[in-house]
Structure formats: C-alpha cells, structure tokens
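There's a structure below that I have some questions on.
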Number of protein chains: 2
Amino acid sequence: MTAAPAESPAPVPGAPSGSARERILETAFALFYARGLRAVGIDTIIAESGVAKATFYKYFPSKDDLILTYLDKVDGVWTGQLHAAAASAGEDPADQLVGLFDALYSSCQREGYRGCAFINAAAESAPGTAIHTRTVAHKQAVLAWLETLAARAGAAQPGQLARSLSLLLDGGLASGALDADPAAAEAARATAALLVQQSTRRPSAG
Amino acid sequence: MTAAPAESPAPVPGAPSGSARERILETAFALFYARGLRAVGIDTIIAESGVAKATFYKYFPSKDDLILTYLDKVDGVWTGQLHAAAASAGEDPADQLVGLFDALYSSCQREGYRGCAFINAAAESAPGTAIHTRTVAHKQAVLAWLETLAARAGAAQPGQLARSLSLLLDGGLASGALDADPAAAEAARATAALLVQQSTRRPSAG
DNA sequence: GCCCCAGTAGACAGACTTGTCTTGTATGAT
DNA sequence: ATCATACAAGACAAGTCTGTCTACTGGGGC
C-alpha cells in the first residue's frame, strides 16, 4: 500500500535535476503509480526522464529491475508515512495503532491517488514472480509491525488485532482508489479505534 | 471483488461445448482472472477457445467489450455467492451481515484465487475509462446492498456499519490474494461479527 | 439446385514492446 | 594532450499487440 508521489515529477527534460539514475527512478515512481506497470513502457520512461536508452539499461538491466527498485522506494515512502502518523499520535501504542490511519486518510485525499501500489503490482504480476513476492514481503512487514504495536498496547490477542487492522488498512487503501469518498478512510479509523479499545481495555479505563 | 471461476475452463478446443460466444466468454473469464487483463491477448483467448478471429470480433467488437462483458459475468457470480452466503445464515439481517463473509472465506480457499477481479481491473485501467467506471459501479452496488441489510438489522448508523463491513470485505479480498492464509478471512468474519453486534444491540440481548 | 449463415483458418497492417548496439559529445583527471 | 567516464540520440532486431480482411467449409431453408 502506498500514497501518491509527494515530490514533483520533474517532467522538464533540460532541468539539471539529480543524476540520470535518480531522474529515471523519479519518473518511474510517478508513471508506474499513475498508470500501472504494464501500461508504462521503457520508451516512455526514457523520454520523460530525458535519458538515453543505453544509460537506462546501464542502471537497470531490465524493466523488472526498475519495477523492483520502484517497489522498494514505495515501501520506504509509505512505511515512513505510516510510522510518522503513528508517532504523531503520542507515546501510547494503543493511540499509535489508531493514529496510523491518518496516513491512510491523507493518502486517499491526495490528488492522483490510485490505491495501494503493492496491491496494484500484485494484480499485474503472476504469483511466484519476483514482483509478486516483493508485494507479499511488504504486506507481511506491515502486519508484523502492527503486531508488535498491538503487543506493546497490551492486546489480549495481538495477532488477531493486527490482522483486523491490516484488513481495515488494505480495505481503505483499495476502496479509496474506487470511490474518492474520504468517508471510507474515516470509517477505517473509527473502526480501528473501536477494535483497539475493545482489545486493550487498560486497567485505568472503565 | 470476486472469486475464482467455479466452472471448468474448458480448454479442450475440439470439445462441442456451447456456442462460440459462450466459449469465448468462458475462456476470457478464466484467463483474465488468472493472469490479468493486459497480460492476456486476443490471440490467446482465440486459440484457447478454439474460435476463429472473425468470429471473435463478430461477438465482441473490441477487447474492451469483452472485458466489460467479463466484468458483468464476474459481478453476477460474486454477487450470487454473496447473497447465497447471506441467505444461508438465516432470516435475521444481522446474522446475514456476518454470514456473507463465508463467501469471502470460501473464495480465498479456492485454488487459483487471485483477489478481487474488480480491484485488479481497477489497477489495470485508468480512472474515467469504461472499465474503471464499471468497477466503481460494482463497489457501490455492494455497499448499497450492505446498507439496506444494516438498516434492516436495526443498526444505529447503517451507512457507517455498511462502510466498515465493506472495508473488511475489500481488505480480505485484497490481502487474501497475497498471503494465502485463511486467517485473514476468519479475522474479517470475526471482526464483522463484533461490529454488527456492537451496532445493533437488540432489546432482547443483554 | 441454390443460397444464406455460422463458423474455421490465417495472412496482413500498423503500432507498440523490450533490449542491443553504434555513434557522437562533454567533462574532468592525469 | 590524452584518456576514461558519463551521457545523449537513435537505428535496429525480434517479438508482441489489436483489429481487418480474404478464402474456404458445412448445414438448413426454399
């Protein structure tokens, strides 16, 4: 799952932006997310990033290599947003489990939002492929993170709670791409709050 | 969202199955779902269904027409499974709201499960396209159905409950394609039960 | 006998795909 | 001055894609 690219796509060919490799990756980041993996050809990426074909193939031996690097980048960005949203909810892990849904909300609000890059990538790749495997790894990483948070929040069944929150997150990510209604993200957060409260009745609370 | 095709894909070319149109649609149903919309070419569908190219284009003027018909068929199948699962949970709308998640469970269990055909189709189509619009319509239809069920179950906020259940359903559909773990579908059902119970405290219950 | 219809088989056009390879240019180190 | 590096520009191969078109075949109605 991810958000739309936060940086400018830098479509200006002559602009002295970063290295050729960086420009390629930025262009791929914007294009792959916006249009899909198969819909974007190498030639388009090359033209859009103002790079020679030989240069492209120097840094990325194949399109799949570029896609894998793209997924790594998306992972970094999205995980960062998730952690930041959780952190800004305070010290309490229970609050963090709810607060992380703010990342979902702001992602869905973003112009050009087109759902979770990983779910989308999985839809375009066959099971067993490196790309598909990469998406599975990402999902499991998020689930594991959710579970440690749930455990620290003192949930009775951290695995169970993490699973439910992950479902809510994925559902919000997926459906946010279809109806732009922010009500979905809000509902996800509200439901998460209910689940967390239900699972982690702390002694101080009634 | 949908399930894997329940019927045999009928890959035998010489077999005297139904009309040419039917054969094409059945082949497309299996292939599009298993491999994705863009990954399957017209030639593959033609070869697999043992049909001449002219015959194909007689029934489906373009590939997009076939895809749209495919989505209609998926809609019928999945909606049928959803309604059947709900109905077999009994008369009580509250029970039905939980029981419908059995359709999710059995879909995820099915060999060759590859997630929700509509989410996948949305990942492969640009917003505004007929295909993308079709997926949005499907999602809204499911949400509307959930809402009438929630209202009949006496939920305090039927829209809210329907939204949450839809999130859970989409999340289960999407993540079920990544990790084959049936725990996700079970967690979705359990969470749904909790939400329904929470939202529809009937006077007879404590 | 004759014609229409549904179908098969497959050549073909034109565009698009990934990936390789050649040629030329600019810059910075030695 | 020379040489390595990094890069642009683009021709090219070999394959894919969708969609059109021609040529042929078998069966039912008249």
Under-4.0 Å side-chain N/O to phosphate OP1/OP2 contact, B/Tyr59 with C/dG7: yes
Spacing of A/Ile46 atom CD1 relative to C/dC21 atom P, expressed in whole Å: 15 Å
Rounded distance (Å) that lies between atom P of D/dA9 and atom CD1 of A/Ile45: 17 Å
Spacing of B/Ile24 atom CD1 relative to C/dA6 atom P, expressed in whole Å: 14 Å
N/O (side chain, B/Thr55) to phosphate O (OP1/OP2, C/dA6) under 4.0 Å: no
B/Asp43 side-chain proximity, nearest of C/dG7, D/dT18, C/dT18: D/dT18
Nearest-neighbour nucleotide for the B/Ile42 side chain, D/dA6, C/dA9, D/dT18 considered: D/dT18
For atom CZ of B/Phe60 and atom C1' of D/dG19, their distance in whole Å: 16 Å
Touch class at under 4.0 angstrom, heavy-atom based, for B/Phe56 against every strand present: nothing
Side chain to side chain contact (heavy atoms under 4.5 Å, CB included) between B/Leu68 and B/Ile131, worked out: CA-CA 6 Å; B/Leu68 255 11; B/Ile131 295 172; 3.9 Å; yes
Side chains of A/Asp65 and A/Ser62, donor plus acceptor under 3.5 Å: yes
Distance in angstrom units between A/Leu37 CG and C/dT18 P, rounded: 11 Å
B/Ala52 vs A/Thr44, nearer the 5' end of DNA chain C by closest nucleotide: B/Ala52
From B/Gln140 atom CD to A/Asp179 atom CG, the distance as rounded to the nearest 0.5 Å: 6.5 Å
Side-chain-base donor-acceptor pair under 3.5 Å for B/Lys53 and D/dG19: yes
side-chain contact (heavy atoms from CB on, under 4.5 Å) partner of B/Ser164, the single match among B/Thr191, B/Leu169, B/Leu146, B/Leu195: B/Leu195
Earlier contact from the 5' end, DNA chain C, for B/Arg21 and A/Lys63: B/Arg21
A/Arg114 side chain to B/Ala123 backbone, donor-acceptor under 3.5 Å: yes
Atom-pair distance (OH on A/Tyr57; C1' on D/dC12), nearest Å: 13 Å
B/Lys58 NZ - C/dA9 P separation (whole Å): 16 Å
Proximity to the side chain of B/Val51 - top-ranked nucleotide from C/dT8, C/dA6, D/dA8: C/dT8
Below 4.0 Å: OP1/OP2 of C/dC16 and any side-chain N or O of B/Arg38: no
